Protein chains: 2
Amino acid sequence: MAETGKEITIYDIAQKLNISAATVSRGLKDHPGVNKNTKRKILATANEMGYRSNSFASNLRNRKSNIIGVIVPRLNSNFMSDVIAGIEKVVNKAGYTLFISQSLELMQNEVSNAKAMFNNRVDGVLVSLAYDTTNIEHFEFFTKRDIPVVFFDRVIEHAKYPSICIDNYKAAYSLVSHLIEQGCKRIVHISGDQRRNVYADRTRGYQQALKDNQLPFDKELLIVNDLTKESAIAAAKKVLGMKPRPDAIFAANDYCAVNCILEIKKAGLKVPGDIAVAGFNNDQMACVVEPHLTTIDYKGFEMGEFAARMIINHLANPGELQNTHSLILRSELIIRESSLKKPAI
Amino acid sequence: MAETGKEITIYDIAQKLNISAATVSRGLKDHPGVNKNTKRKILATANEMGYRSNSFASNLRNRKSNIIGVIVPRLNSNFMSDVIAGIEKVVNKAGYTLFISQSLELMQNEVSNAKAMFNNRVDGVLVSLAYDTTNIEHFEFFTKRDIPVVFFDRVIEHAKYPSICIDNYKAAYSLVSHLIEQGCKRIVHISGDQRRNVYADRTRGYQQALKDNQLPFDKELLIVNDLTKESAIAAAKKVLGMKPRPDAIFAANDYCAVNCILEIKKAGLKVPGDIAVAGFNNDQMACVVEPHLTTIDYKGFEMGEFAARMIINHLANPGELQNTHSLILRSELIIRESSLKKPAI
DNA sequence: AACTTTTTTGCAATCGATTGCAAAATAAAT
DNA sequence: ATTTATTTTGCAATCGATTGCAAAAAAGTT
């Protein structure tokens, strides 16, 4: 078993077996040209001496780190935790490890994280953009060196970068259609920074659903803020003061929706009776608030798996960057009480 | 600026400046023995040629990875996201990067993650234990090689490993005392696996608070499960069926507490009127549920910072492992409506 | 037994950065 | 101008694993 103190190298194994380090190196990685018996011996001695491969030496020689970088806005959601788990699963199987960091929704951090990853020579990067990222020049370092960059969830339209996300437009469209179907006519949409696809697309879906149902789009009913609790409460208050009062709120995420519900109830109004509310993401708290929240569900684990596979594929078949453009995953409308004005049939 | 294609090494810089690679190496890291002018030139050329240090070569030579491993049960809470952010802050400042992985509450994953980190030659490891971890032999690899391991939050009593957590006993004691002070006499405690300090200590605090207030400890009132939503609901149902009916539930985490509240309300009873409820952790959802949840708050960011500092210190002053044993951070009782039987004074 | 073919192995260079030691260059002192 | 002290630099070995190429060993043919 492993001994204390000094590290064992292939040279130590070679010496003990009276063979060359080259053979040990080949033997350890099951090179076909090595005699089966020798291989067995090498493996046995390696184990017995407590050998562990030195990845620095190997990486140095191979000019490859076997590390995939992941930059996300925040790790604090079930969604993101699932994404990471999905990525880990695929990536580990392919022999890579992860280098994860959070931008905390600030472009500034995103930039420095990207630099750190570049300097650590990651073999590929998975990115979900920060709230306030205005450009993606900080990823050009990677493309210049042919290091694949894949965006997921918070993606950006760019010929160079493949991406994975759900159809936010369609999801929002179906959600708003549902609200309309429930009899809502003045639907407020609370969204985030319109530079982020997830918010812009949801807004478009909202607008199109209105249009397709002959409902006018009233600019006043579109509220864009930073989706924090405070902004959610402020937005809710604003809605409550509008005349005529809107009969529904579609918030771009669950946390915002939930805080709207609380605020509406605090004002003595009923959800969904007076105002129906819907969110996006199907967070845990969607089933904690009362009434439970109608929302859009999509699978983080799956998204992580796909994103990871995309990167791994690029690494396995370099030069095919252009083949895969973008991938759209499915999402699902989850109808709960917060939007049910009519009794369920 | 950075060129496309090939990587620049110190040899390229050396050649361009007609000096030796040794000087370039020293110049780049501000070695005192290098002429100021030469340094300036080296830095300038490095920039201009788009040089980035090759960490593999450097790590190989220095026998040091500058990577800190972090193993956590799950990344899905605000708490954990804050911890990671705190760790990142300290660790980055000291020139390290993070290698994060989740055990998903399974010892099996924790073991393989630990191995992966060991093989990647992390310089230190920060760990919060999985739900079902029964022993910590998988960390002996590290101690044998004098690689520091620091536990945080979900810690374990062990002379070899320093740890950081809050005083779960005291926190639970103060929380239960508060419930008693509100007039509760039959208090249920729902907890998790008692092998985890966080749960065992909370249970102890609960029991001691009862004792100090002349309340009998009824075994039936201590429910141990896995704290999932399903278990929470089952536990709540059990409580509702008890005779005489308990007048309070102290759950070992907020998610469990929240689901109890929902279940109690579903049964037509009032919280806190019929049954007071309290949780632990001050998750976002504590303020989503109605009534808002009384709970214990403690700062993940701080905990991350401290844990990281501890590891960094150990790395800076090796051999002082025994100096720092364990650190107890403060926590705070947050009283909200879910436990207020008496009107606030 | 001599020769050809096939399997196995080893030599030695390579991947870049680092650093002890000594040499060279410069500055200071005589 | 010499000698001594001080700064700067460079040489060359080292950190382990990898791999093209060639040599050695084993197996197969005549």
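Since we're looking at a predicted model, the values are computed, not measured. Residue numbers start from 1 in every chain, and the chains themselves are labelled A, B, ... in the order their sequence lines are given, proteins ahead of strands.
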Between CG of B/Asn54 and P of D/dG16 the distance, given in whole Å, is 16 Å
Rounded to whole Å, CG of A/Asn59 lies from P of D/dG16 at a distance of 14 Å
Which atoms of nucleotides 22-27 of chain D (N or O only) lie under 3.5 Å from a protein N or O atom, and what are those distances?
none

Practice task
For the pair A/Asn62 (side chain) and A/Lys64 (backbone), establish whether a donor and an acceptor sit closer than 3.5 Å, ignoring hydrogens and angles.
Solution key: no
Quick check on C/dT18: is either OP1 or OP2 less than 4.0 Å from any side-chain nitrogen or oxygen of B/Ser58? yes
Of the listed C/dG16, D/dG16, D/dT18, the closest approach to the A/Ala57 side chain comes from D/dG16
Output yes when a side-chain donor or acceptor of B/Arg121 lies under 3.5 Å from a complementary backbone atom of A/Ser53, and no otherwise. yes
Across the strands shown, which category fits A/Ser25 at heavy-atom distances under 4.0 angstrom: base, sugar-phosphate, nothing?
-> base
Whole-Å distance, B/Lys36 NZ to C/dA27 P, equals 16 Å
note: A/Asp30, atom CG; D/dT19, atom C1'; distance rounded to Å ~ 17 Å
### Query
Distance-only, no hydrogens or angles: does the A/Asn197 side chain make a donor-acceptor pair with backbone N or O of A/Val155 under 3.5 Å?
yes
Residue pair A/Tyr11/A/Asn35 against DNA chain C: nearer the 5' end by closest nucleotide is A/Asn35
5'-most contact on DNA chain C (nearest-nucleotide basis), A/Val34 vs B/Lys29, goes to A/Val34
Tabulate below the donor-acceptor pairs under 3.5 Å that side-chain atoms of residues 79-95 of chain B make, not counting sequence neighbours, or state none.
residue: B/Ser81; atom: OG; partner: A/Gln102; partner atom: OE1; Å: 3.4
residue: B/Lys89; atom: NZ; partner: B/Glu305; partner atom: OE2; Å: 2.7
residue: B/Asn92; atom: ND2; partner: B/Glu88; partner atom: O; Å: 3.2

Query raised in the report: Quick one: does B/Arg26 reach the base of C/dG20 with a side-chain donor-acceptor pair under 3.5 Å?
Result: yes
message: If you go through the side-chain atoms of B/Arg61, does one of them form a donor-acceptor pair with the base of D/dG16 closer than 3.5 Å?
response: no
Using modelled atom types only, decide if a donor and an acceptor are shared between the side chain of B/Asn54 and the backbone of B/Phe56 within a distance under 3.5 Å. yes
Classify the ring geometry of B/Tyr161 against B/Phe151: parallel below 30°, tilted from 30° to 60°, perpendicular beyond 60°. perpendicular
When rounded to whole Å, the CG to P distance for the pair A/Leu17 and C/dT8 reads 17 Å
Rounded to whole Å, the CD-C1' distance (B/Gln15 to D/dT9) equals 18 Å
Between A/Leu60 and B/His31, whichever has its closest DNA chain D nucleotide further toward 5' is B/His31
* Asked: Just by modelled atom types, is the B/Ile68 backbone N or O under 3.5 Å from a matching donor or acceptor in the B/Asp123 side chain?
  -> no
Open item on the list: At 4.0 Å (heavy atoms only), tell me whether A/Ile19 reaches a base, stays on the sugar-phosphate, or touches nothing.
Closed with: sugar-phosphate
Practice task
Keeping the roles fixed (side chain from A/Thr133, backbone from A/Asn135), state whether a donor-acceptor pair exists under 3.5 Å.
Solution key: no
Worksheet item: Under 4.0 Å between a side-chain N or O of A/Thr38 and OP1 or OP2 of C/dT9?
Response: yes
A/Ser20 has its side chain closest, among C/dC11, C/dA17, D/dG10, to C/dC11
Between CD1 of A/Ile10 and C1' of C/dA12 the distance, given in whole Å, is 13 Å
Atom CZ of A/Arg63 and atom C1' of C/dT14 are separated, to the nearest Å, by 9 Å
